Every structure is written in C-alpha cells, then in structure tokens.
S.K.: 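Below you will find the structure I want to go over with you.
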Amino acid sequence: MTKLSLKDLTKHYGSVKALEGFTHVFEAGQVHALIGKNGSGKSTFVKMMSGAIQPTYGTIEVGEDNVQFTTPRQAQDVGIATVYQELSLVPELSVAENIFLGRLPRKRCGLIDWRKLRLLTQELFEEIGGLEISPSARIADLSVGQQQMIEIVKAMSFRPKVLQLDEPTSALAQAEVQHLFALVRRLRALGVTIIYITHRLAELGMIADTVTAIRDGHFVGSISIDEASPPVILDLMFGDLPPLERPATQVERHAPVLSVSHLALSPFFDDVSFDLYPGEVLGIAGMLGSGRTELLHAIFGARKFDGGSVSVGGKTVTAPNIQTMKSLGIGYTSEDRKHAGLVQMLSSHANLCLAGQARIAPSGWTTKGRERPFVDYQIAGLHIKVGDPMLPVASLSGGNQQKIVVGNWMNNAPDILLFDEPARGVDVQAKRQIYQLIWEKARDGVSSIVVSTELEDLTECCDRILVLRDGQITATFTNDGLDPKDIYAACMATPQTVETTA
Amino acid sequence: MTQTQLTSLLRRNSMLLILLALYILVATTAHGFFTINNQLNILRNIAVPGMIAFGMALVIIVGEIDLSVGSMVAVSACLTAWFVEKLSGGALEPAVWTVIVAFGGTLLFAASVGLMSGLLRQKINVPTFITSLAMMATLAGLANLITGGVPISSFPSWYYVIGSGRFWGVPVPVYLLAIAFTITFTISNFTALGRSIYAVGGNMEAARLSGINVWQTKIICLMMTSVFAATGGIIYSSLVNAGNPTIARGLELEVISAVIIGGISLFGGKGTIWGAFVGVLFLGVLLNAMTLWGFNPYVQQVIKGGLILGAVFINFFIDRK
C-alpha cells in the first residue's frame with residue numbers, strides 16, 4: 001500500500017501558471033476523484049504525473065521515495081501508470097499481444113513464446129479477476145468499453161502503485177460504465193492508489209472515496225465522498241456561481257427566417273418540417289442515432305438530402321451547399337471540435353478567421369493587421385482565455401476552443417446559427433457563457449438551433465424544443481418551466497401517446 | 001527581447017542559420033565563391049527548381065503532392081519547340097508570334113493537367129500521390145512522343161535570351177524566380193486564398209464546414225505548380241536551345257527535398273514560401289560549393305543526399321525540442 005504525496009508541484013509555461021504549488025497527499029488504496037473545470041490545470045497535472053511533461057519545480061513521492069522521471073517510461077518504472085481517454089491499442093492484434101506490446105516474451109531462438117504470453121496474460125487476468133474477455137480476442141472485435149478495460153489491464157501489467165485514469169468513461173454506455181467501475185473497485189482492493197479524472201459529476205458517488213478539486217491551477221480542497229453533495233462539489237469547482245436565468249424573449253412568429261419542409265435523408269429521417277423565427281432559440285432533442293447531426297448538416301448544405309426543401313427568408317434554396325448557405329447567413333458549429341471544428345495546428349487568430357474571410361477581406365486581400373480587430377473583438381466578447389492569439393489553438397482548454405469555434409462564425413455576422421452539441425466537453429462556466437451569447441444574439445434577431453444529447457441543456461437554453469424521433473418531428477414543446485423528463489418521455493414514447501403543448 | 005522570444009526566433013529560423021553557417025564555411029574555403037557573379041550564378045541555377053518549389057510548397061501545405069513536375073518540365077520544353085516548329089512551318093527564323101502562341105499553348109496545357117489531377121482527386125478520390133505518379137510516366141512518354149525521341153531545334157536566334165540573357169547584369173531566369181516568389185509569397189501571406197490553403201491542409205473537414213471551397217483551393221495550387229513547372233520547361237528549352245525530352249529527370253525529388261529542408265510539413269498545414277526559398281538556396285549553394293571545391297560529380301551526389309538527411313534531421317530535432 002503506497003500513498004502518493006505531492007509537495008509544491010508547479011508548472012509554468014512562460015508567464016502562464018498552469019499549476020501552482022499543488023500540495024496534497026493521496027492516501028493509499030483509495031479512489032481519488034480529481035475534478036476541475038476546463039483549463040483548471042487537471043490535464044497539466046495528469047501529464048506531469050505521467051512523465052509527458054516535467055514540473056517546473058516541486059516534488060513527487062510514491063510511498064516514502066522521492067521520485068523523479070522525465071519520460072512516460074520512467075514514470076511507469078517508479079510505479080505511476082496512466083490510462084488516457086484516447087485509446088492506444090493496435091486494433092488488429094490480440095488482447096494479449098496488446099498488453100505486452102514491445103515486451104513480448106521470447107524463446108531462446110528469438111521467436112515469440114506464445115505459450116508464455118498466454119500464461120502471463122491469464123495470470124494477470126486472474127489476479128485482477130472478473131474480466132470476461134478472451135486474451136486471444138482481436139481488439140477490433142471488442143466494444144469500446146472492453147477496449148478501455150484492456151487499456152487499464154495493460155497499465156496494471158506494469159504493477160503500478162499509482163494508477164491515473166483520465167476520463168475513462170467519456171465514451172462508454174451506461175452498462176459498460178458499471179463494468180469499468182467493478183474493475184476499478186477490484187484494483188482498489190489490490191491496494192492501488194487510483195487518481196480518477198472525470199467531468200461526469202454524477203459518477204463521483206458511485207466510484208470515488210475522496211473528491212479533490214483544482215481551480216485556476218490551484219489546489220482548492222479535498223473532501224471525503226460523504227461530504228460531497230452536488231452543491232459542495234460545484235462550489236469547490238467554480239467558487240461562487242450565480243444562478244442562470246434564461247431571459248424572457250418575445251419571439252414574433254410571423255415570418256420564419258428558416259423553413260424546413262418534408263426534408264428526407266435516408267436512413268436518418270424521412271419527413272422533417274419546422275419553422276424557425278427571428279430571434280428564436282430552438283432546441284432539437286432526440287435519442288442517439290436519431291439523425292440530429294445529419295439534420296443540421298442537411299440544412300447547412302454540408303450533406304445532400306433525398307427530398308424536401310430548405311427555405312431561407314422565404315426563398316427556397318435550390319441545390320444548397322455550404323458556400324450558398326453561408327452567404328445566406330447560416331453558420332454551423334460542429335459537435336466534433338477536434339476533427340471538424342478547428343484546425344488544431346493553426347493559431348487562435350487563424351481559426352477565428354476561417355469562416356469570415358469574405359466579410360473580413362471582401363476584396364480577397366488580407367493581412368494580419370486587417371484581421372486583428374475581428375480577432376480581438378471575439379476574444380473580448382466571448383471571454384476567450386488566450387495567452388497569445390498567435391499560438392496554436394490546440395493548447396487551449398475545451399471550453400475556450402469551443403468559444404473559438406463560435407467566434408469563428410460570429411466573424412461572419414450570421415443570421416442563423418446551428419449549434420451541434422455546443423456544451424460537449426465544456427465546463428459549466430463556459431457553457432453558461434455560450435448560452436448567454438446565444439441569448440444576447442437572439443435579442444439582436446439572430447436565430448439559433450441547438451442540438452444536444454443532454455436534455456437539461458436544452459431546457460436551460462431554448463425557447464422551444466422539437467423532438468426528432470422515427471425520422472420525424474413527433475413533438476413540439478414551448479419551454480415554460482419545462483421538465484427535461486417530459487422531453488425524455490417524448491423521445492422514447494410512441495407517437496400516439498405524445499401530448500404536444502405548443 | 002526575452003530569452004524565450006530569442007529561442008523561438010532561432011527555432012523558427014533554424015534552417016536559415018544552417019544556411020548562413022554553410023555560407024561562411026564555403027566563403028572561407030572556396031575560392032571565387034563570394035563574388036557577385038558567382039552568387040548570381042547560383043540564383044540562376046536554382047531559378048527553375050526554385051519556382052517549382054514555391055508551387056510545390058503550396059501544394060504540400062494544402063495537403064497534396066505533385067510528383068510529375070520533372071516530367072512536366074520535359075514535356076513543356078518539347079511542346080514549346082513543337083508548337084514553334086508547327087506554327088512556323090519549320091522556318092529557319094520563326095516569327096515572334098509563333099513563340100508567344102507556343103508559350104500560351106504550353107502554359108494552358110500545363111494548367112489543364114493540374115486541373116485534371118485536381119478533379120480526379122475530387123471526383124473519384126484518387127490521392128495525388130498516385131495520379132501524379134501516373135502523370136509522371138504519361139508526361140515523360142508524351143515528351144518522347146512529340147519529339148520522336150530526338151530534340152527539336154526550332155527556335156529563333158534570339159530565343160537564348162530567356163535562359164541565358166541578362167538585364168542590368170542579372171540573368172533573366174532570376175527575374176522569373178523573383179516573380180514566382182512574389183506571387184506565391186503574396187498569396188500565402190496576404191490573401192484569403194492563402195488563409196484557405198493553410199486551413200484546408202491543416203484540417204480539411206474543419207475548413208469545409210467553415211464554408212471554404214476546399215476543392216477550388218486544392219485545384220488552384222495544383223494548377224499553379226504545373227504552370228510553374230511549364231515555365232521551368234520553357235527556360236530549359238532556351239538554355240539548351242531545343243525541346244529535349246530527356247531533361248529534368250528526377251527534378252521532382254530535388255524540389256521536394258528542398259521543400260522539406262525548408263521546414264514544410266509533408267502532412268500539410270505548415271510551412272512558408274520563405275522556407276522553401278531557403279531550402280532551394282541551401283541545395284544550390286551546396287552544389288556550387290562542391291563544384292568549386294573540385295569534388296567529382298558522383299561524390300557530390302552522395303554528399304548531397306547525406307546533407308539533405310542531416311538538414312532534415314537538424315530541422316526535425318530543433319522543431320521537437
């Protein structure tokens with residue numbers, strides 16, 4: 001049983017203090033949840049403990065030993081293993097091969113000792129227990145949850161004393177989460193000290209023994225799970241958070257800015273019709289796979305549809321494509337920030353000027369100087385925290401990256417904005433700022449469509465909510481103190497039993 | 001200037017420093033290197049690979065590649081000669097207009113080849129690595145087909161001026177190199193198109209969803225490179241005073257090496273035209289120095305290969321630190 005003690009752990013990037021004087025003792029054999037909003041210093045902590053980056057100063061002690069390491073390999077050697085959110089398994093190899101990748105047992109002649117590999121894997125599986133996965137199964141044939149568990153088993157094969165799990169459940173379905181928790185509890189029983197990083201506050205009660213919070217690079221506090229009620233946790237993470245009130249809006253429903261009629265896109269939906277009015281914030285709810293993203297793509301011209309039509313300002317758009325839709329004042333922010341929202345290697349400056357080139361530089365000629373006012377305006381208006389706008393956008397936190405995506409479109413002065421999961425991977429504060437921005441723009445007459453998996457997000461943000469189900473809009477709700485449960489019921493129910501209130 | 005600013009400045013210009021070191025080394029050891037004449041000589045020698053490298057830089061930044069530029073140089077030289085021969089009816093001193101029409105026809109041909117690779121990439125999603133590899137063979141074959149395998153010497157007597165002439169002491173190809181530099185430098189730094197090139201190369205889907213016309217951007221880069229290669233072909237045709245199908249073999253590798261030495265990422269989205277120029281100049285100076293040092297050509301090849309590797313390694317190393 002080995003505890004993990006940190007003294008004055010600090011990381012500075014130039015003048016930016018990512019983590020400042022982190023001092024705390026993580027007791028042995030417990031699951032310690034580490035929470036904090038985006039950009040709080042959580043990732044810096046994880047990377048430092050995994051050996052990916054080096055602390056500016058401060059000490060790390062595993063048990064009684066003062067340890068120092070400069071590479072992930074050395075971190076493993078001193079007993080700290082890390083499992084990242086992104087999987088790093090080779091899909092075409094077996095479970096056993098993946099676990100012992102790079103250190104496969106060999107026979108004397110140099111060939112791989114398959115028998116020993118099987119034995120080693122079985123030994124490891126027995127020690128951990130409860131894994132219903134065959135060591136010879138191909139990784140590609142496993143579910144994401146099973147892959148995540150293999151990732152953890154692989155980390156365990158290094159016999160770590162401390163195991164860091166970085167958002168292990170972010171891609172898992174509910175049933176798989178339970179399996180993963182069972183595994184984590186078994187590891188805890190083996191005496192491993194587990195640092196559990198998560199965004200899902202609802203998980204804390206199920207898995208954690210203690211909750212430790214980081215805010216703005218500082219250690220805020222650590223409490224046992226019994227004391228960690230939701231308000232206490234939010235207080236730890238955010239300090240004082242004012243309540244969020246959706247402003248009362250007066251949407252005039254005469255002339256729609258956007259009309260979607262009988263839109264069909266096989267196999268996602270076959271008859272979707274609705275109107276969007278000036279200054280309205282319209283939510284679209286639906287289960288996973290109901291075609292919400294595809295619907296936005298179809299409206300935005302990013303995807304060809306099979307039938308129906310889209311009208312903007314009363315005029316039907318023939319053969320819509322992104323360029324046309326953009327010129328008609330529509331903008332779209334993607335649910336997948338990393339792969340479809342931002343050009344990660346380019347600067348914040350460049351990313352804020354992607355969509356708005358035609359407005360920033362109508363003649364086609366441009367300079368950094370011409371773009372700068374547009375960049376500064378969005379950074380100030382959206383409260384984006386950037387050290388130097390010329391640095392790659394990849395270095396920003398999730399919330400700030402999301403704001404860059406939004407700011408990018410704001411620079412094109414849109415009339416209609418399509419938000420695909422705007423709150424995904426974003427902390428509460430950044431989420432609120434994005435909502436506030438949507439409402440602010442709504443007052444100026446900009447209409448928005450918001451798609452979200454989290455129904456609470458929709459009831460928090462939208463004036464009116466549509467339910468997309470079985471390829472159609474099956475229910476419409478006016479948001480008047482609406483309960484997310486009602487929407488949930490409508491998402492699940494059969495069309496006949498739904499009562500529409502609009 | 002703080003230390004971090006200084007290190008970042010050094011890092012960004014690491015290749016320039018290596019080039020400067022090479023300059024100092026060569027200037028102190030090779031007799032006749034640091035003369036105006038020799039420097040102009042170097043610039044003239046890198047004019048053709050240089051202008052193609054500027055185009056190639058844009059193509060690689062936008063996330064594509066063009067392996068057919070060497071063959072494009074050859075076929076353009078032959079095509080120009082062929083046009084002049086046909087238009088003038090094989091006259092001993094062809095009229096000026098035949099040359100001008102030949103230039104127009106050749107450049108138009110090159111542009112349409114670039115357009116075609118782009119459309120193949122867009123419509124049936126064939127990587128340009130493959131289309132341009134096929135194009136490399138096709139164009140080389142076409143050069144032989146046009147000429148029947150023997151050089152066509154059809155040019156008027158003044159034609160040498162394009163490759164070997166001088167204005168105010170500066171070789172004509174150097175002016176063309178400067179023009180190509182100005183065009184590509186301006187595009188990459190001061191136009192919306194330039195911004196699009198970096199965005200498309202950095203993340204095609206993000207660029208598309210930002211309403212950037214991804215294919216138009218890629219096709220413009222491919223067409224531009226083809227046209228620069230054809231211009232190079234015209235310069236070479238003047239230098240050898242014939243349309244010779246065997247010229248510029250392997251030029252694509254030299255150009256791509258220069259672009260990589262210049263710090264342009266083969267994965268797209270990263271790099272500058274200035275970097276491409278530094279890369280080309282590095283190779284040009286090296287070649288010139290080895291000739292002055294009296295190395296035999298085979299040794300030169302080996303050293304050149306080794307130094308390219310070394311430069312890329314240093315660049316990579318500095319980049320990662």
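Letters A, B, ... are given to chains in the order of the sequence lines, protein chains preceding strands, and every chain is numbered from 1. Atoms considered below: every heavy atom in the structure, side chains included; atoms not considered: hydrogens, waters and symmetry mates. Predicted model only: the values in this text are computed from it and were never measured.
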S.K.: For atom CZ of Arg359(A), decide whether the heavy atoms of other residues, nucleotides or ligands shown that lie under 6.0 angstrom number more than 12.
M.R.: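 Yes, because the 6.0 Å sphere around CZ of Arg359(A) holds more than 12 heavy atoms from other groups.
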S.K.: Looking at Gly364(A), Gly301(A), Ala358(A), which one has more heavy-atom pairs under 4.5 Å with chain B than the rest?
M.R.: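 With the most close heavy-atom pairs to chain B, the winner is Gly364(A).
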S.K.: Can you confirm whether the side chains of Asp66(B) and Ser68(B) place a donor and an acceptor under 3.5 Å from each other?
M.R.: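 Note: Asp66(B) and Ser68(B) side chains meet the donor-acceptor criterion.
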S.K.: Apply salt bridge (Lys or Arg N to Asp or Glu O under 4.0 Å) to the pair Glu205(B) and Arg208(B), showing each step before the final yes or no.
M.R.: CA-CA 5 Å; Glu205(B) 183 63 5; Arg208(B) 185 180 85 96; 3.2 Å; yes
S.K.: May I ask you to name which of Gly356(A), Ala361(A), Gly341(A), Ala302(A) has the most heavy-atom pairs under 4.5 Å with chain B?
M.R.: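 Of Gly356(A), Ala361(A), Gly341(A), Ala302(A), Ala302(A) has the most heavy-atom pairs under 4.5 Å with chain B.
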S.K.: For chain B, which candidate among Ile360(A), Val343(A), Thr324(A) shows the most heavy-atom pairs at distances under 4.5 Å?
M.R.: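 Of Ile360(A), Val343(A), Thr324(A), Val343(A) has the most heavy-atom pairs under 4.5 Å with chain B.
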S.K.: Side-chain atoms of residues 218-233 of chain B: list all donor-acceptor pairs with protein atoms under 3.5 Å, sequence neighbours left out, distances to 0.1 Å.
M.R.:
from	atom 1	to	atom 2	distance (Å)
Lys218(B)	NZ	Val62(B)	O	3.4
Lys218(B)	NZ	Glu64(B)	OE2	2.6
Thr225(B)	OG1	Gly55(B)	O	3.0
Thr225(B)	OG1	Cys221(B)	O	3.0
Ser226(B)	OG	Leu222(B)	O	3.4
Thr231(B)	OG1	Val227(B)	O	2.8

S.K.: Can you tell me which portion of Ala340(A) sits under 4.5 Å from chain B's heavy atoms? Options are side chain, backbone, both or neither.
M.R.: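 Ala340(A) touches chain B through backbone and side-chain heavy atoms alike.
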S.K.: Looking only at heavy atoms and a cut-off of under 4.5 Å, which of Thr367(A), Asn412(A), Thr333(A) has the most pairs with chain B?
M.R.: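 Of Thr367(A), Asn412(A), Thr333(A), Thr367(A) has the most heavy-atom pairs under 4.5 Å with chain B.
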S.K.: When only pairs under 4.5 Å are counted, which of Arg337(A), His297(A), Gln323(A) shares the most heavy-atom pairs with chain B?
M.R.: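 Heavy-atom pairs under 4.5 Å are most numerous for Gln323(A).
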S.K.: Most heavy-atom pairs under 4.5 angstrom with chain B, which of Thr366(A), Ile322(A), Leu342(A)?
M.R.: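 Answer, by heavy-atom pair count under 4.5 Å with chain B: Thr366(A).
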S.K.: Strictly by modelled atom types, are Tyr332(A) and Ser210(B) linked by a side-chain donor-acceptor pair under 3.5 Å?
M.R.: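 Side chains of Tyr332(A) and Ser210(B): no pair found under 3.5 Å.
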S.K.: Which atoms of Thr186(B) are under 4.5 Å from chain A, going by heavy atoms: the side chain, the backbone, both sets, or neither?
M.R.: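 When you check distances to chain A, only side chain atoms of Thr186(B) fall under 4.5 Å.
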S.K.: I need the contact set between residues 389-396 of chain A and chain B: heavy-atom distance under 4.5 Å, sorted by residue number.
M.R.: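 Expected list: none.
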S.K.: Given heavy-atom pairs under 4.5 angstrom as the criterion, report whether the side chain, backbone, both or neither of Leu354(A) touches chain B.
M.R.: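 Both parts, heavy atoms under 4.5 Å.
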S.K.: Within the structure provided, determine whether Ile449(A) and Leu417(A) are in side-chain contact (heavy-atom separation under 4.5 Å).
M.R.: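 Side-chain contact under 4.5 Å: no.
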S.K.: Whether Glu20(A) and Lys11(A) form a salt bridge (side-chain N of Lys/Arg under 4.0 Å from carboxylate O of Asp/Glu) is what I want to check.
M.R.: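 Salt bridge between Lys11(A) and Glu20(A), a charged N being under 4.0 Å from a carboxylate O: no.
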S.K.: Restricting to non-hydrogen atoms, name the atom on Ile330(A) and the atom on Trp409(A) that form the minimum distance, rounded to 0.1 Å.
M.R.: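 Answer, listing the atom of Ile330(A) first, then Trp409(A): O-CZ3, 3.6 Å.
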S.K.: Which residues pass the ring-ring contact (aromatic ring centres under 6.0 Å, His included) test with Tyr198(B), not counting sequence neighbours?
M.R.: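 Tyr198(B) satisfies ring-ring contact (aromatic ring centres under 6.0 Å, His included) with no other residue.
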S.K.: Can you sort out the partners of Thr293(A) under side-chain hydrogen bond (donor to acceptor under 3.5 Å, both in side chains), two or more places apart, ordered by chain and number?
M.R.: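 Partners of Thr293(A) under the side-chain hydrogen bond (donor to acceptor under 3.5 Å, both in side chains) test: Glu335(A), Asp420(A).
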S.K.: Does the plane of the ring in Phe167(B) sit parallel, tilted or perpendicular to the ring in Tyr175(B)? Use 30° and 60° as the thresholds.
M.R.: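 Ring orientation of Phe167(B) relative to Tyr175(B): perpendicular.
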S.K.: Where does Asn189(B) contact chain A at under 4.5 Å (heavy atoms): side chain, backbone, both or neither?
M.R.: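 Just its backbone gets close to chain A.
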